[in-house]
There are 2 protein chains.
Amino acid sequence: MATRTIKRPQQIDSWVSFLRAHAAITRELSAQLQREHGLTLNDYEVLLHLSHAEGGRMRRVDLAQQVVLTASGITRLLEGLERSGFVCKETCASDARVSYAKLTGEGAAKLKVAAATHLRGIDELFLSRYSGSELTTLAELLARLPLTGADCKTSSEPCS
Amino acid sequence: MATRTIKRPQQIDSWVSFLRAHAAITRELSAQLQREHGLTLNDYEVLLHLSHAEGGRMRRVDLAQQVVLTASGITRLLEGLERSGFVCKETCASDARVSYAKLTGEGAAKLKVAAATHLRGIDELFLSRYSGSELTTLAELLARLPLTGADCKTSSEPCS
DNA sequence: GCGCTATACTTGAGGGCACAACTATGGCAA
DNA sequence: TTGCCATAGTTGTGCCCTCAAGTATAGCGC
């Protein structure tokens, strides 16, 4: 039973490795980010997306899609960031339904500080394990996976 | 600003893709598993590990390591599986501290049923996106990532 | 045998997230 | 204009998980 192992399909191996690696990595990186900067992994991602956005602000719904969170998830997450003063609300002149999340100066500063140690953590994780070309391959392959909930949903729909 | 994008290091691209893909995929697969079988992704993984284990049972601590959960996480997870009758406790004769989690017949049956649709979901996700050789590459690369919390921790420790 | 530390597990408290239900606004068609 | 559906966002509820603290057993030096 030890040597005569059943040959499992590679997609299963990929998937299990994926799950375990994610759990292990996020646990560590998340704890590190929380300990040193009081931020969640998603907090960080949100600040990052805002910093890259036009005018440092995004609609909550777009933000939710970027970080793969539900609408309510984004509401709660931004609640925290607003309390900390890292983002603020902004209303939309042309559509009263939307409210923007805007990165504050304080938020940008926080991101900058957090990035220093967080990026180092990521580097240590990936650069120590892969060569340059392997990283390229990995990035390319991973990018092909569904990056939004919608992409994912369609692929598991056709049933009968 | 659209064309002249800043070149980001590949480990960051890999990491962000990794995060987003995980969020999107687990949200869908988890919801599917929950809807159709009332199981969590981790519930499923635990049942799976038990089914592969010698005698269908494992120490809680080893189980925790396999699915990358804390000791308390495993306690809570098994609580639910025990209530559902899919696993049961077993004491260890030689060490009174350890208690085994043992797969019941009902649990094995549940796993078998759940596997049918769950594996199909995974297949649809991966097989539609990668060729055979790409899957091999992906599985190999992913397997190199830390698969336990300890593996992960060591790599981010050396600081000053 | 007596402490000391390590290990296995449980419990209380709290945070993050999803789902469902709800409000409010926008846009379109008759 | 009125009705109807879509979209943006919030709130109540509950699950899952972690951390910190606590209990119980094991193993070891003395």
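So you know, we letter chains A, B, ... as the sequences are listed, proteins then strands, and number each from 1. We use all heavy atoms of the structure for the numbers below, so side chains are in, but hydrogens, waters and symmetry mates are not.
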Margin query: Using the salt bridge (Lys or Arg N to Asp or Glu O under 4.0 Å) criterion, which residues pair with A:Glu90? Sequence neighbours excluded.
Written below: A:Arg57
Margin query: Under 4.5 Å side-chain heavy-atom separation, chaining through any Ile, Leu, Val, Met, Phe, Trp or Tyr, what else clusters with B:Val61? Say none if it is isolated.
Written below: none
Next item on the list: Please list, in 5' to 3' order, the outermost nucleotides of DNA chain D lying under 4.0 Å from any heavy atom of chain B.
Entry: D:dC16 to D:dA26
Next item on the list: Would you confirm whether B:Thr104, through its side chain, and B:Phe86, through its main-chain N or O, come within 3.5 Å as a donor-acceptor pair?
Entry: yes
Margin query: Just to be sure I understand the geometry, which residues of residues 33-42 of chain A put a non-hydrogen atom under 4.0 Å away from DNA chain C?
Written below: A:Thr40, A:Asn42
Checklist line | Pairing residues for B:Glu79 by the salt bridge (Lys or Arg N to Asp or Glu O under 4.0 Å) criterion, not counting sequence neighbours | finding: none
Notebook entry, point to check: For DNA chain C, whose closest nucleotide is more 5', that of B:Ala71 or that of A:Ser72?
Noted result: B:Ala71
Next item on the list: Would you mind telling me which residue lines up with the more 5' stretch of DNA chain D, A:Ala31 or A:Arg59, judged by nearest nucleotide?
Entry: A:Arg59
Check: Which residues, if any, of residues 73-84 of chain B bring a heavy atom under 4.0 Å of DNA chain C?
Finding: B:Thr75, B:Arg76
Check: Can you tell me if B:Thr91 uses its side chain to pair, donor with acceptor, with the backbone of B:Ser99 under 3.5 Å?
Finding: no
Using nucleotides 23-26 of chain C, report all nitrogen or oxygen pairs with the protein that are shorter than 3.5 Å.
from	atom 1	to	atom 2	distance (Å)
C:dG26	OP1	A:Ala96	N	3.1
C:dG26	O4'	A:Arg97	NE	3.4

Check: Which residues pass the ring pair (Phe, Tyr, Trp, His ring centres under 6.0 Å) test with A:Tyr100, sequence neighbours left out?
Finding: none
Check: Between B:Glu124 and B:Arg120, is there a side-chain N and carboxylate O pair less than 4.0 Å apart?
Finding: yes
Item checked: A:Tyr130: ring pair (Phe, Tyr, Trp, His ring centres under 6.0 Å) partners, not counting sequence neighbours -> none
Notebook entry, point to check: Do B:Arg27 and A:Thr70 come close enough that some side-chain heavy atom pair is under 4.5 Å?
Noted result: yes
Margin query: Test of understanding: with ring pair (Phe, Tyr, Trp, His ring centres under 6.0 Å), list the residues that count as partners of B:His37, not counting sequence neighbours.
Written below: none
Notebook entry, point to check: What residues form a salt bridge (Lys or Arg N to Asp or Glu O under 4.0 Å) with A:Glu134, not counting sequence neighbours?
Noted result: B:Arg144
Next item on the list: Give the rounded distance in Å between these two atoms: CG of A:Leu69 and P of C:dG15.
Entry: 17 Å
Item checked: Option among A:Leu111, A:Leu48, A:Leu81, A:Leu33 that satisfies the side chain to side chain contact (heavy atoms under 4.5 Å, CB included) test with A:Asp43 -> A:Leu81
Item checked: Residue list, salt bridge (Lys or Arg N to Asp or Glu O under 4.0 Å) with B:Glu82, at least two apart or on another chain -> B:Arg60
